[in-house]
Number of protein chains: 2
Amino acid sequence: MLKKIDNLEKYLRDAGIKPSIQRLKIFEYLASTNSHPTVDKIYGALSSDIPTLSKTTVYNTLKLFQKQGIILIINIEDNETRFDADVSFHGHFKCIECGGVEDFPIPEHGKIEALVDYDISEKHFYIKGICANCKKIINK
Amino acid sequence: MLKKIDNLEKYLRDAGIKPSIQRLKIFEYLASTNSHPTVDKIYGALSSDIPTLSKTTVYNTLKLFQKQGIILIINIEDNETRFDADVSFHGHFKCIECGGVEDFPIPEHGKIEALVDYDISEKHFYIKGICANCKKIINK
DNA sequence: TTACTCTTTTGTAATGATTACAAATTTATA
DNA sequence: TATAAATTTGTAATCATTACAAAAGAGTAA
Ligand SMILES: [Mn+2]
Ligand SMILES: [Mn+2]
Ligand SMILES: [Zn+2]
Ligand SMILES: [Zn+2]
């Protein structure tokens with residue numbers, strides 16, 4: 001679960017990001033949802049609020065956010081890149097029926113023997129299947 | 001580790017795949033390497049052997065293999081789709097220095113509480129960082 | 001204020017991986 | 001053999017992402 005951020009501007013500044021309107025709104029939107037939206041979703045959600053917003057800006061901003069470590073890129077399907085403002089280690093479940101991506105907590109696990117001499121910068125765990133909701137609907 | 005396949009034709013047939021030359025060679029190549037190659041790598045590796053090979057066939061064949069469950073698609077970077085003939089559950093480490101993707105075994109882990117009512121069809125675990133080899137070179 | 005510089009945003013064009021599609025080839029069937 | 005079905009192939013289209021340069025915005029110093 002993403003910890004509540006009290007001061008968005010400070011949060012960006014502390015990550016070395018100058019908080020422009022576009023950057024603030026993009027991050028605010030990402031932090032407000034647990035839907036792991038795509039670039040198109042983000043752009044669509046903000047374009048009425050910022051009518052001049054360019055999709056290029058969304059791409060640039062997300063790339064900057066990732067470089068500064070305040071978002072994660074979620075690659076589950078090869079034709080669908082999603083984004084997450086929660087950078088803590090947690091799992092993702094993608095439902096192949098409804099297409100939704102949701103979080104789940106990952107149980108403690110020890111060090112991975114094979115990688116003791118490796119530097120680790122990112123860990124990702126994701127599962128694909130059918131969510132409880134879709135199972136109900138299918139079995140109707 | 002991918003189990004040794006004694007009879008490639010039978011292996012494909014048992015998976016519901018008619019073993020054409022192209023399909024046999026593509027699967028044989030995938031099963032022979034632990035490099036998790038891309039479409040371009042696969043195509044490049046086979047095109048001298050099958051000079052008429054089309055890249056479309058590589059795409060079609062890999063899609064068929066996945067549908068029939070004999071390969072996994074590895075999505076780590078959003079601009080680099082890789083393939084794996086080892087469909088057992090194992091982890092992948094991608095080195096951000098040399099670009100290589102290697103396997104590692106995943107320690108036992110219990111059921112994930114949050115997903116007890118979900119149907120699970122695929123599990124993926126991957127880690128990004130710097131491999132032991134690249135660490136040595138960097139610290140020279 | 002103006003003049004200047006630096007940063008950010010924007011729109012358009014280019015890129016490149018993947019897919020769609022239909023013709024050509026191969027394989028199976030009668 | 002003739003015919004039908006499956007597979008492969010080459011080309012064109014699609015679409016997400018990136019490159020690029022112009023426009024807009026923010027900061028600084030007279
Ligand atoms: Mn998440
Ligand atoms: Mn593997
Ligand atoms: Zn669902
Ligand atoms: Zn390496």
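Values below: every heavy atom of this structure, side chains too, minus hydrogens, waters and symmetry copies. Letters A, B, ... are given to chains in the order of the sequence lines, protein chains preceding strands, and every chain is numbered from 1.
With side-chain heavy atoms closer than 4.5 Å counting as contact, directly or through intermediates, the hydrophobic cluster containing A:Leu115 also holds A:Phe89, A:Phe93, A:Phe104, A:Ile106, A:Ile112, A:Tyr118, A:Ile120, A:Phe125, A:Ile127, B:Phe89, B:Phe93, B:Phe104, B:Ile106, B:Ile112, B:Leu115, B:Tyr118, B:Ile120, B:Phe125, B:Ile127.
Side chains of A:His36 and A:His92: a donor on one and an acceptor on the other come within 3.5 Å.
Extent of DNA chain D lying under 4.0 Å from chain A heavy atoms, first and last nucleotide in 5' to 3' order, is D:dA16 to D:dA19.
In this structure A:Lys123 satisfies the salt bridge (charged side-chain N to carboxylate O under 4.0 Å, His left out) test with no other residue, sequence neighbours excluded. Residues forming a salt bridge (charged side-chain N to carboxylate O under 4.0 Å, His left out) with B:Glu80 (at least two apart in sequence, or on another chain): B:Arg82, B:Lys94. Under the side-chain contact (heavy atoms from CB on, under 4.5 Å) criterion, A:Ser47 pairs with A:Tyr43, sequence neighbours left out. Not counting sequence neighbours, B:Lys41 has no partner by the salt bridge (charged side-chain N to carboxylate O under 4.0 Å, His left out) test.
Atom pair A:Asn79:CG and C:dT19:P shows a separation of 7 Å (rounding to whole Å applied). Taking atom OH of residue A:Tyr43 and atom C1' of nucleotide C:dT10, one finds them 10 Å apart after rounding to whole Å. The interatomic distance linking A:Asp78 (CG) with C:dT19 (C1') rounds to 12 Å, in whole Å.
Between A:Thr52 and A:Ile50, the closest side-chain pair of non-hydrogen atoms falls below 4.5 Å. Looking at heavy atoms from C-beta onward, B:Val101 lies out of side-chain contact with B:Asp84 at the 4.5 angstrom threshold.
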Without placing hydrogens or testing angles, list every side-chain donor-acceptor pair under 3.5 Å for residues 132-140 of chain A, not counting sequence neighbours.
residue, atom, partner, partner atom, Å
A:Lys135, NZ, B:Asp117, O, 3.4
A:Lys135, NZ, B:Asp119, OD1, 3.4
A:Asn139, ND2, A:Lys135, O, 3.2

What pairs of donor and acceptor atoms, side-chain ones from residues 17-29 of chain A against any protein atom, are under 3.5 angstrom apart with sequence neighbours left out?
residue, atom, partner, partner atom, Å
A:Ser20, OG, A:Arg23, N, 3.2
A:Arg23, NH1, A:Lys18, O, 3.0
A:Lys25, NZ, A:Asp49, OD2, 3.0

Would you tabulate the side-chain donor-acceptor contacts of residues 58-74 of chain B under 3.5 Å, counting partners in other chains and residues two or more places apart, or write 'none'?
residue, atom, partner, partner atom, Å
B:Asn60, ND2, B:Thr56, O, 3.4
B:Thr61, OG1, B:Thr57, O, 2.6
B:Gln68, NE2, B:Ala15, O, 2.8

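Where the helix from C:dT1-D:dA30 to C:dA30-D:dT1 starts and where it ends, the local axes point in directions that differ by 20°; five pairs per end, rounded to 10°.
Taken together through direct or relayed side-chain contacts under 4.5 Å among Ile, Leu, Val, Met, Phe, Trp and Tyr, B:Leu12 and B:Val87 form parts of separate hydrophobic clusters.
Residues from residues 21-33 of chain A with heavy atoms under 4.0 angstrom of DNA chain C, sorted by number: A:Gln22, A:Arg23. Of the residues in residues 52-75 of chain B, those with a non-hydrogen atom less than 4.0 angstrom from any atom of DNA chain C are B:Thr56, B:Tyr59, B:Lys63.
Residues B:Lys18 and B:Glu80 each lie close to DNA chain C; by heavy-atom proximity, the contact nearer the 5' end of the strand is made by B:Glu80.
Distance CD/B:Glu77 to OG1/A:Thr81: 10.5 Å, rounded to 0.5 Å.
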